Amino acid sequence: MILPKSPRLTPAQLAEVTAIVEPFGCSVQPIVGAIRTIYAIVGDERDELMINRLEGLDYIERVDRIQSPHKLMDRRSDLASHRITLGGVTLGDSLLVIAGQCTIDPKNPNFLYETAHAVKEAGANALRGGVWKPRTNPYSFQGDVKSLDILMEAHRRTGLPVDAEVMDETQLHLALDAGVHMLQVGARNALNYSLLRAIGRAVADRKTIVLLKRGLHMGPISEFISAAEYIVSFGNPNVLLCPRGTAPALDGYRNHPDESITPLLKEKTWAPVVVDPSHSVGKATYVPACALAAVAYGADGLCIEAHVQPSHGIGDDPKQALTPEALATTITQARHLWALRRSAKPI
Ligand code: PEP
Ligand code: MN
């Protein structure tokens, strides 16, 4: 990773740096942070001669070598000072809450408009709404592109930034063209490397945030972080890691709750952790406790399914969406706990 002395390299400097690394089979990928741009060396960056040549340039502050399979996402990466902001919340400064429907009902857009106002009132910072849905049963409702307009209309009515899952490149470009602020990669696509690459490429020059769910299987932590590296390696470091429960399920729950991996993630990566308690436990009555557990484990944010009238919702909403009242109580308690945790001395 190359750190210039100035906030970014000039085109001539970038060309010179590129000319140095290319003979060693490497390339240079700028990663644009809020304050400065750093330059990842893509490829095997261990060659001493290449490093010496780079360090010999008078406009280079230093060249950091991190031997990690996910060197950009690594805690020791220079990206560790990168801050991600959504809906007025800078991750790490206060608790981010994304809330809204599992699935937008294209026949009943008013539900989403009402839900959007209600989650805002309850204290959420961003609105989620499933446009296209990954369904286990091929005969279940699969989502509808019409819902994208409904989601954007909910954004216009409330000012809340919006989050939607994309499962392929067509959906990805439709969502970006519509102005979706956060793209969700679902648990079923968490290790779909060609989708992760396509997303990385598509958001490289944008400020779009990607909420990357953890895969369904109980995979290693490094696999989860490396999936984020796929996206970030194209140049946009706005990635949030989202544990959402894994299979096999804990008897009685939808999945095996995994908010407990938060401290492990934080030990290895700088990426903010936004836990999804809804898919983890899968039932509205269990969601508040799981949300609070996530905050106790150190989560930076929560992604919670909520609906003005859960029983009239579609997709997961009838079983796991919180009512606006339950959401408001959960957010208030979660923010208290977050503040308590922050003010307490580390144990
Ligand atoms: C969802 O967010 O509604 C969803 C399908 O999530 P996951 O990919 O975690 O199952
Ligand atoms: Mn859902």
Side-chain angles (χ1 to χ4, degrees), residues 96-106 111-112 115 119 124 126-138 140-144 147-148 150-151 162-168 171-172 175 180-192 195-196 199 209-219 223-224 227-228 231 239-250 253-259 261 273-284 286-287 290-291 294 299 301-307 310-323 327:
L96 175 79
V97 179
I98 306 159
Q101 290 174 201
C102 169
T103 307
I104 300 170
D105 181 351
F111 277 141
L112 188 74
T115 295
V119 302
L127 175 71
R128 59 155 289 149
V131 174
W132 302 281
K133 296 304 301 180
R135 302 307 297 276
T136 310
N137 184 335
S140 300
F141 177 64
Q142 304 282 313
D144 190 328
S147 299
L148 189 54
I150 302 170
L151 184 64
V162 292
D163 157 46
E165 176 172 355
V166 294
M167 294 180 290
D168 59 39
Q171 296 170 1
L172 163 64
V180 164
H181 308 88
M182 178 187 272
L183 298 171
Q184 187 173 308
V185 179
R188 293 155 188 84
N189 274 311
L191 302 179
N192 178 343
L195 179 65
L196 297 176
I199 291 176
I209 297 173
V210 181
L211 182 72
L212 176 66
K213 299 262 190 130
R214 187 178 184 206
L216 269 177
H217 70 292
M218 207 180 280
E223 179 187 77
F224 186 18
I231 300 167
V239 175
L240 308 177
L241 297 176
C242 182
R244 45 79 72 207
T246 56
L250 198 63
Y253 286 157
R254 176 171 176 164
N255 283 293
H256 191 113
D258 64 344
E259 66 283 347
I261 67 168
V273 178
V274 174
V275 169
D276 171 350
S278 301
H279 293 85
S280 184
V281 290
K283 201 169 163 196
Y286 308 142
V287 169
C290 185
L302 297 166
C303 180
I304 303 178
E305 290 189 342
H307 193 291
S311 60
H312 289 82
I314 58 174
D316 293 330
D317 287 326
K319 59 178 181 192
Q320 67 191 34
L322 296 190
T323 60
L327 179 69

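Basis for what follows: all heavy atoms, side chains included, without hydrogens, waters or symmetry-related copies. Note that the structure is a prediction, hence the values are computed from the model and not measured. Residue numbers count from 1 along this sequence. Both ligands and their constituent atoms are indexed starting at 1 by order of listing.
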Chemist: Looking only at protein heavy atoms, which one is nearest to atom 3 (O) of ligand 1, and how far off is it?
Modeler: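 Checked against all protein heavy atoms, atom 3 (O) of ligand 1 sits closest to K133 NZ, 2.7 Å.
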Chemist: Among L183, L241, N189, find the residue that satisfies the side-chain contact (heavy atoms from CB on, under 4.5 Å) test when tested with L212.
Modeler: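 Exactly one candidate clears the test, L241.
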Chemist: I'd like to know if G130 contacts ligand 1, where contact means a heavy-atom distance under 4.0 Å to any ligand atom.
Modeler: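 It does not; every heavy atom stays at 4.0 Å or beyond.
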Chemist: To which protein heavy atom is atom 4 (C) of ligand 1 closest, and what is the distance rounded to 0.1 Å?
Modeler: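 Going atom by atom, the protein heavy atom closest to atom 4 (C) of ligand 1 ends up being H279 NE2, 3.3 Å.
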Chemist: Of all the heavy-atom pairs spanning L127 and I98, show the shortest one and how long it is.
Modeler: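 Nearest heavy atoms, L127 then I98: C-CG2, 4.3 Å.
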Chemist: Would you call N255 and T246 a side-chain contact if the rule is heavy atoms closer than 4.5 Å?
Modeler: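 SC-SC contact between N255 and T246 ruled out.
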Chemist: Do Q142 and M167 pass the side-chain contact (heavy atoms from CB on, under 4.5 Å) test, and can you show the C-alpha distance, the side-chain angles, and the key distance before you say yes or no?
Modeler: CA-CA 11 Å; Q142 304 282 313; M167 294 180 290; over 6 Å; no
Chemist: So, of the N/O/S atoms that E305 has, which is the nearest one to the Mn ion (ligand 2)?
Modeler: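 Among the N, O or S atoms of E305, the one closest to the Mn ion (ligand 2) is OE2.
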Chemist: Counting non-hydrogen protein atoms only, what is the nearest one to atom 6 (O) of ligand 1? Give residue, atom name and distance.
Modeler: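 Closest protein heavy atom to atom 6 (O) of ligand 1: K213 NZ, 3.0 Å.
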Chemist: Answer yes or no for D316: is there an N/O/S atom below the 2.8 Å cut-off from the Mn ion (ligand 2)?
Modeler: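 Given the 2.8 Å cut-off, D316 counts as a ligand of the Mn ion (ligand 2).
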Chemist: D276 and salt bridge (charged side-chain N to carboxylate O under 4.0 Å, His left out): which partner among R214, R254, R244, K213?
Modeler: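 Testing each of R214, R254, R244, K213 against D276, the sole residue satisfying salt bridge (charged side-chain N to carboxylate O under 4.0 Å, His left out) is K213.
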Chemist: Using a 4.0 Å cutoff against the non-hydrogen atoms of C102, which atoms of ligand 1 qualify?
Modeler: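 Per the distance check, 3 (O).
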Chemist: Is G186 close to ligand 1, meaning an N/O of one under 3.5 Å from an N/O of the other?
Modeler: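 So ligand 1 has no N or O lying under 3.5 Å from an N or O of G186.
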Chemist: With nothing but distance in play, are any N or O atoms of D276 less than 3.5 Å from an N or O of ligand 1?
Modeler: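 For ligand 1, there is no N or O atom that lies under 3.5 Å from one belonging to D276.
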Chemist: Parallel, tilted or perpendicular: which fits the ring planes of Y253 and Y286, with parallel below 30° and perpendicular above 60°?
Modeler: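 Y253 vs Y286 ring planes: perpendicular.
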Chemist: Picking from D317, T115, L322, T323, what satisfies side-chain contact (heavy atoms from CB on, under 4.5 Å) with P310?
Modeler: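 Only match with P310 under side-chain contact (heavy atoms from CB on, under 4.5 Å): T323.
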Chemist: Please check this pair: side chain of Q320 against backbone of D316, looking for a donor-acceptor N/O pair closer than 3.5 Å.
Modeler: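 Not a single qualifying donor-acceptor pair exists.
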Chemist: If you have a sec, work out which protein heavy atom is nearest atom 8 (O) of ligand 1 and how many Å separate them, to one decimal?
Modeler: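 Closest protein heavy atom to atom 8 (O) of ligand 1: A187 N, 2.7 Å.
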Chemist: Considering only non-hydrogen protein atoms, determine which one is nearest to atom 10 (O) of ligand 1 and report residue, atom name and distance to 0.1 Å.
Modeler: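 For this ligand atom, the closest protein heavy atom is R244 NH2, 2.7 Å.
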